[in-house]
Structures are given as structure tokens and as C-alpha cells.
Student: 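Structure provided below as C-alpha cells; questions to follow.
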Amino acid sequence: MTTYFSEPQSMYYRFGEDQDQVLKVLAERYIGANAQADFVYRVFQKSGILQNERGLYDLNLGKRFPDALKDHISYAAALVWGDEDRNLDVLVRCYGPVRFYFNGQLIYRSTVMDEISPDATVKLSIDIKPGWNTIWLEMKNTPAGFGCQFGSDEGKVRILNVFAPFQERQGQAGWVFSQPNPATSKQPDLLGKEADYSLKWLPETGWSDEDETKSALERIYGHLPGRHAYAWTHLNNTDSTGSPVRLSGQSSGSLCIWISGKPVAQVKEAGPFEVDIPASFGRSDLLVRSECTETAGPWHFNLNATVSGKPLSLELPQRVHGANGESWLYVGPFESEVEPDLQDLARTDRVYQTGLEQTYWRLDRPDAWIRPYYENAMLSNKWTVGSVTNYGRWDYPLGVTVYGLLRTGRYLQRPDITRYAAEHVQACTQMYEYSLWDREQYGFPAVNQQLVMLKMLDNCGSFGSAMLEAYSECHEPTFLPIAERIADFMLSRLERQEDGAFYRTCVGEYAENTMWADDLYMSTPFLVRYARVTGNTSALDEAARQFLLYRKYLFIPEFKIMSHVYDFKYGQATQIPWGRGNGWTLFSLTEVLEALPVEHPERPALIDFFNELCEGYAALQGGSGLWHQVLNDPQTYEEASCTAMFAYGFARGVRFGWFKDPEVYVTAAQRAWKGLICKAIDRQGNVHGVCSGSRYAFTAEYYDQDLRTVTNDNHGIGIMMLAGTEVAKMKEYLAESRVSSPAVTHS
């Protein structure tokens, strides 16, 4: 029997059968460990190294330096932060000769075949250490090419955020790279000063001497008569007497000034100005609209704030790492007839239509924009006790977590829990329009990577389902347009077999031409909720249809369970019944059956399928109440997430009356839940025994030996809460029915 902790550490030892207390501790531990942290904003220069659609940084130096001499060398450098020891797979695709050093050690030297084969991709494993890690690329120019592509494998999942080295660029995002040089240089101290080395590093951080003579608006946008732009800062009023604040300065044209969204001053003509305005104590948004005119010289304004003759400071309204010394953000230039909504301006989760184009906030530096990054759990390919917050990330395991929090909050009548879950979703969706613009500008989005790079059901179905589940909590207006995009992807653009079954093409990847039991969860719960919210019954019909199609490919009749994967390359299923893959199947089938009308033509077949599966799963339950990682192989370890999903499915089957013989499943669900609180959930609410994210194989050994368990993995936390709420509801249902065996409804 698998043991993850000693008996006195278990949730059962502490709380026994108190279901509500278990759910409370699970939810509160998760929320306490995952604070509501905002995105991190950094300076990013668009003239630097951008990413391609795969997330690889494209250091094509042949394009940047077309006149570079043969055998000249350029360097690229970056820093990577590690919160703890982590392993990361990185990819290198060479345009020419490349050497890659990580933390000063040579990791890779390109071969002739790497350099001349256009599709050659080298995968390397690096060990990220806590603190700063250094990347140093040495690239030689040849007639065949110059530079490389570099980045993490599966970049939209295992995000590799790089930071600029050198003290002068501290906090900025992105690479630095050198102009080509005739000789090899020693790697500098990347945490030292840039000025200490003779190499010319790009992108340039300062304006040219000519641009320095211009005003901020003129050097950012040029001279554009008839256009206007906005500048945003925070006024820090340190005066507590209530005295008016005096704004004074000069302008080349008309100015409008707002404090905390209220108009306080208007300057109609060019020249000096001075106005007294009311301003509350502390920090207030100060917004200025400046118009460029034909006759008043260079486009500019300057503004100072004083109170009783004492100067007040102006500060950036959003913390932007790497923007030391800056106090204003700028957005524009807007066409004369275009006026953005004032309520949308003093915020960073919007892009702005300037006319035919969109734009965002930038700084008074060469080609420098502020850019939000998801850094709450950067570089993670696992989630461990004490890991940094997951808040604000869109991915499929967190979709299950959010769903679990929503259901737990409702069951416990805890609006604080449901609000936290809904706000996690809102943090993603409110940045969606920005993230589309970010991808358009920089090649690969810095936030919402999976939602924007929508190529697989993994990217959208689970979290999209949680989003629609949260809709009743907050009626967030950004939810439904995103749901429409996901529905269009699933119903109109997703790859299908000739019979209509969803599958994965994944050309050139390990999963090419495969069907996964997991994808029933990645699709059908979303389709159920989409049908419920929009009234589109065809989505519900599709969900029902997919189950019958997947049964045809994946069902193992001798055990009445599901193979994990069908591999169309070999024309056969793997015949390996991975626990969680089966858990996803049963979990999702209950969601479809709950929504399916009694008169639906597919309902009888799905009820039969549900009973078949549950019979197969119940027969394989272990003595501890848990199921094994490979269901029909008792030599594999006991796994918690599939156990929770079977408990969830059994409890719902009892409560909704789908079983022909419910008593067996009442007992099995209760045994599973007790096994979880004895063996997998400790008294602090940490979840153990959850298998890490899976690929697939034709052998049980892969699932048992290569996929080890991870503490507090998001594949398991939410489903523990869902299992707990459903088992509790089953008990309530049985108590209310006043009989040991609930009546079966034949529908």
C-alpha cells in the first residue's frame, strides 16, 4: 500500500468524517498558498529579440546585420530567475555555428548537420538553480547563416521568461545582443555593469544626442498636427491640510487634465499655464490629453505640481520593473476624430484604437513599451508545496482547480471562496484583448499563452468550462466572447476523424495522429456549459456524440474500462488504462448526463455506458479505497486524482439515479473518500499522490516509473474538492430519502 505520510498527519486523523471541515481546509490552504498577485510589468523594447509562434526567441542575426563580415561573432545574453531547483528542456535551431553556455558552462556546440539542416532542432536539458541563472550564446557569421532560435520546449506551457543582464538594464525583459566582432570575447559578468565592457550592446536604451534635444511626445511620436496623445502619472500629494495643488508648466497646444477621472483643468492655448486644483491626500491618477498643432512648434508639454510652494512628486501609475527614473506613461497618437473612453484610460488591461490601428502604454525611451508578464510560477513544470502563486494563469489543470473552488464555495456557503475563483478567471479574460495585441506585436504572447495560441483542446476546454461555471458568479462581459471563440474552435475547426471523432493531428510531434481519453474532459464539459449559457443545443448534441465515438476506439470490453490513447499511426489503442484518463472519462460523462434531456436520443446509450464503466472501475478498487495508476495493474502505485474522480462519478450516479444497483457505488464512493482523507490529504490540506502530467505509452511501466507523484499538483487539488462536495451531497441525498438504497429513476 502506498504511504505518503504517517497516520497522525492525515486529514482523517484530525477531522474524521467531518466533510465540511475537510473541504474548508482544502480550499483555504490553496487560497492561502496562491495569493491574488497581479501580472508583473516590465520594460520591453520592440527593437530587441522577439519570439516566433512556437515561443522560440528568434536571433536571426543575418537579417539584423546583413553587412556583417564572414567569421565575425555576435553574442546574446540573458538572465533567467529560478525560485527553486528545476529542470527545463530548451530547444536550439541553428542558422549558423552556435555555442550555448548556461551558468558559465558549455552546454552545446553545434555540429555541421545542425547548422546546414533547416529543420534540425536540438533539445537540451538545463538545471535551473535558485536565484539568477545566465544564458550566453556565441554565434558566428557564415555564408550559410548567422544566429539561432532558442527557447523552451512547449513554450506556451513551460514559459521561459528572460531578463536583460547588466545593472544598467536591471528589471527589463528580453535579451541583449552585440554588434558583430572580429574576435572572441570573454563572457562578462552579466550581473555587473554594461559600461565596463567594450562590446556594443543592443537594443539601445538611451535616445540619440539628436533625440535628446526633443520633447518626450515629439521623440516618441514625431510631429503629427491634428493628432493627440494621453500621458498618465500618479500625483503623490503629501499635504494633509487640504490646500489646493498648483499645476504649472508649458504646452505646445491645448491640454485637458483629469484627477482621479474628474476633469479639473483645461488649457486652450499654447504657452505657459498655471491652475489650482483640489486633490485628496495620497496618490491620485493624473491624466493629461495633449494635442499636436501645426503652428506652435514641437509637440510637447511639461507639468509640475506644488502645494503651498512645496514640490510634489509624480510617479509611474503602474509599477514597471526596469523603468527607474520614469514618471509618465504615454498612449497614442490618436486620430483627430478618435477619442478613447475616459474610463478605459487609467488602466493597463486595455488596448486602444487610435484609428485603423491599436496601441498600448509606452515609456519615454527608444521603442520601449510596458509589457505584462505571468511570472507567478515561471519555469514550472511541476507544482510543489511552497511554490509561488498560480493566480491569474490560464491552463487546464487550473480549470479543474477553479471549478473545485466554485463548487466548494457554494456548498459551504462561502462567497469569499467563489469570489476568489471567479476573480482568477477574470484576471485572465480581462487581459485577453491585450494578449492578442501582444502576440501581434511581439510574435508570442507574454500572458494567456494557451488561450491565444489555440491549437489543442488542452488549451481551452477545461479552463473555458470553469469560466462559464463562474459566469453565474460575476457575469463578467469578457467571458462570453471568449466562449464563442472556443466553441467555434471545437465545433468548426478542430481536427476530426472521418466519423467526426475529435483527435490530435500534432504533425511532427510525439502525439501525432492520436486520440486521448483526456480530451473528453477537455471538450465535453465546456460544450455542456456553452449550451446551457447560450441555448445552443447542437453543442450538447456534440458532447453526447463524442462519448459514443470515443467508446468505439478506447473501450476495453474485458475490463469495462478505457484505454488511455488510440494511436492511428499503428491503427490500435495502447490498451493501457491510465487511472486519470479514465477519471476524466467518468467525470465528464456525469457532466453530460446531468445536462442531457430525458428525451434525448443518445441518453439511453450513455446511461448504459456509464453503468458499464462504473462496473469496471468498482471491480478494480483497491483495499485502501484507492485505485492504481494503471487500473488493472496492482503493481503500480495508488493514485489520488483518479480515485477522487471515481468517487465524484459514483456519488453523482447515486444522487441522480443513474445506477441499476446503486448500493455498490454508495459503498465504493465512501471507501474512496475515506481512502483519500487517510492516505492522500494531510491535516494541513496538502494533496499527495497525484500523478504528474502525462504523455502516453504502450507499456504500464511508463506510467508507473516515469510519471511520479507530485505534492499539491493542480491536476489533483480541484478534483479533491469536487469529490468531497459530491460525496457530501450523496450523503445528504441518502439521508433525505430515508432509505438505505435510493430509488432508481429510469430515464
Side-chain angles (χ1 to χ4, degrees), residues 46-47 207 210-235 247-275 277 284-305 314 316-318 326-371 433-434 436-438 440-442 477:
K46 191 179 175 183
S47 55
W207 294 107
E210 180 183 354
D211 284 330
E212 281 287 0
T213 65
K214 301 175 182 176
S215 66
L217 290 171
E218 189 86 7
R219 61 188 170 218
I220 294 172
Y221 300 120
H223 192 68
L224 302 169
R227 303 279 193 97
H228 55 279
Y230 289 83
W232 177 25
T233 189
H234 265 169
L235 172 67
L247 302 180
S248 60
Q250 276 202 330
S251 173
S252 62
S254 65
L255 289 183
C256 296
I257 303 173
W258 294 265
I259 292 285
S260 299
K262 297 178 181 179
V264 293
Q266 187 169 9
V267 178
K268 295 184 177 180
E269 297 180 355
F273 65 87
E274 188 173 270
V275 293
I277 63 167
S284 303
D285 285 309
L286 193 160
L287 192 67
V288 175
R289 180 190 185 279
S290 173
E291 186 168 351
C292 183
T293 62
E294 183 72 57
T295 59
W299 187 9
H300 77 279
F301 80 90
N302 59 63
L303 182 147
N304 298 298
L314 302 177
L316 280 180
Q318 169 69 53
E326 302 284 343
S327 53
W328 292 90
L329 298 178
Y330 301 89
V331 67
F334 294 90
E335 302 282 356
S336 58
E337 68 277 7
V338 176
E339 289 292 348
D341 189 333
L342 187 66
Q343 293 182 339
D344 280 347
L345 274 170
R347 55 196 303 171
T348 55
D349 60 354
R350 294 288 187 273
V351 288
Y352 304 98
Q353 199 73 37
T354 61
L356 297 177
E357 298 179 347
Q358 291 181 315
T359 194
Y360 189 64
W361 294 103
R362 58 184 302 176
L363 294 156
D364 180 17
R365 294 187 185 181
D367 211 15
W369 303 75
I370 72 167
R371 195 176 180 194
E433 290 297 329
Y434 168 81
L436 292 176
W437 180 86
D438 187 284
E440 197 174 287
Q441 297 300 305
Y442 309 124

Student: Verify, without hydrogens or angle tests, whether Trp207 (side chain) and Thr213 (backbone) share a donor-acceptor contact under 3.5 angstrom.
Tutor: no
Student: Return the OG1 to CG distance between Thr293 and Leu224, rounded to the nearest 0.5 Å.
Tutor: 12.0 Å
Student: Considering non-hydrogen atoms only, spot the tightest contact between His223 and Glu294 and give its length.
Tutor: NE2-O, 4.3 Å
Student: What's the spacing between Leu255 CG and Glu291 CD if we round to 0.5 Å?
Tutor: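 Result: 10.0 Å between the selected atoms.
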Student: What pairs of donor and acceptor atoms, side-chain ones from residues 256-267 against any protein atom, are under 3.5 angstrom apart with sequence neighbours left out?
Tutor:
none

Student: Should Cys292 and Leu217 count as side-chain neighbours, where that means a heavy-atom distance under 4.5 Å?
Tutor: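 Side chain of Cys292 against side chain of Leu217, heavy atoms only: no contact under 4.5 Å found.
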Student: Using the side chain to side chain contact (heavy atoms under 4.5 Å, CB included) rule, take Leu316 and Leu363 through it: C-alpha gap first, then chi angles, then the decisive distance, then the call.
Tutor: CA-CA 10 Å; Leu316 280 180; Leu363 294 156; 4.2 Å; yes
Student: Using the side chain to side chain contact (heavy atoms under 4.5 Å, CB included) rule, pick out the option among Leu314, Asp285, Leu286 that qualifies with His234.
Tutor: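 Result for side chain to side chain contact (heavy atoms under 4.5 Å, CB included) with His234: Asp285.
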Student: Looking at Pro272 and Gln250, what are the two nearest heavy atoms and their distance?
Tutor: CA-CG, 3.8 Å
Student: OH of Tyr360 to OG1 of Thr348: how many Å apart, nearest 0.5 Å?
Tutor: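 It is 4.5 Å, given to the nearest 0.5 Å.
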Student: Taking the side chain as every heavy atom from C-beta outward, state whether Leu303 and Thr233 have any pair of such atoms under 4.5 Å apart.
Tutor: no
Student: Verify, without hydrogens or angle tests, whether Ser252 (side chain) and His300 (backbone) share a donor-acceptor contact under 3.5 angstrom.
Tutor: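 Yes; judged by distance alone, with no hydrogens or angles, the pair exists.
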Student: Drop me the distance from Asp349's CG to Glu433's CD, to the nearest 0.5 angstrom.
Tutor: 11.0 Å
Student: With a cut-off of 6.0 Å (strictly less than), are more than 12 heavy atoms of other residues, nucleotides or ligands near CD of Glu210?
Tutor: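 Count not over threshold, so no.
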Student: Without placing hydrogens or testing angles, list every side-chain donor-acceptor pair under 3.5 Å for residues 330-339, not counting sequence neighbours.
Tutor:
| from | atom 1 | to | atom 2 | distance (Å) |
| --- | --- | --- | --- | --- |
| Glu335 | OE1 | Arg227 | NE | 3.3 |
| Glu335 | OE2 | Arg227 | NH2 | 3.3 |
| Glu339 | OE1 | Tyr230 | OH | 2.7 |
| Glu339 | OE2 | His228 | NE2 | 3.4 |
| Glu339 | OE2 | Arg289 | NE | 3.1 |
| Glu339 | OE2 | Arg289 | NH2 | 2.6 |

Student: Decide side chain to side chain contact (heavy atoms under 4.5 Å, CB included) for Arg219 and Glu212; before the verdict, give the C-alpha distance in whole Å, the side-chain angles of both, and the deciding distance to 0.1 Å.
Tutor: CA-CA 8 Å; Arg219 61 188 170 218; Glu212 281 287 0; 3.9 Å; yes
Student: Look at the rings of Trp232 and Trp361 and say which category their plane angle falls in: under 30° parallel, 30 to 60° tilted, over 60° perpendicular.
Tutor: tilted
Student: How long is the gap from OG1 on Thr359 to OH on Tyr221, to the nearest 0.5 Å?
Tutor: 6.0 Å
Student: Can you find a heavy atom in the side chain of Trp328 that is under 4.5 Å from one in the side chain of Asp364?
Tutor: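 No, side chains not in contact.
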Student: When rounded to the nearest 0.5 angstrom, what is the spacing between CZ in Arg350 and CD in Gln343?
Tutor: 10.0 Å
Student: Could you tell me if the ring centre of Tyr442 sits under 6.0 Å from that of Trp369?
Tutor: no
Student: Can you tell me if CD on Gln353 sees more than 12 non-hydrogen neighbours from other groups inside 6.0 Å?
Tutor: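 Yes, enclosed.
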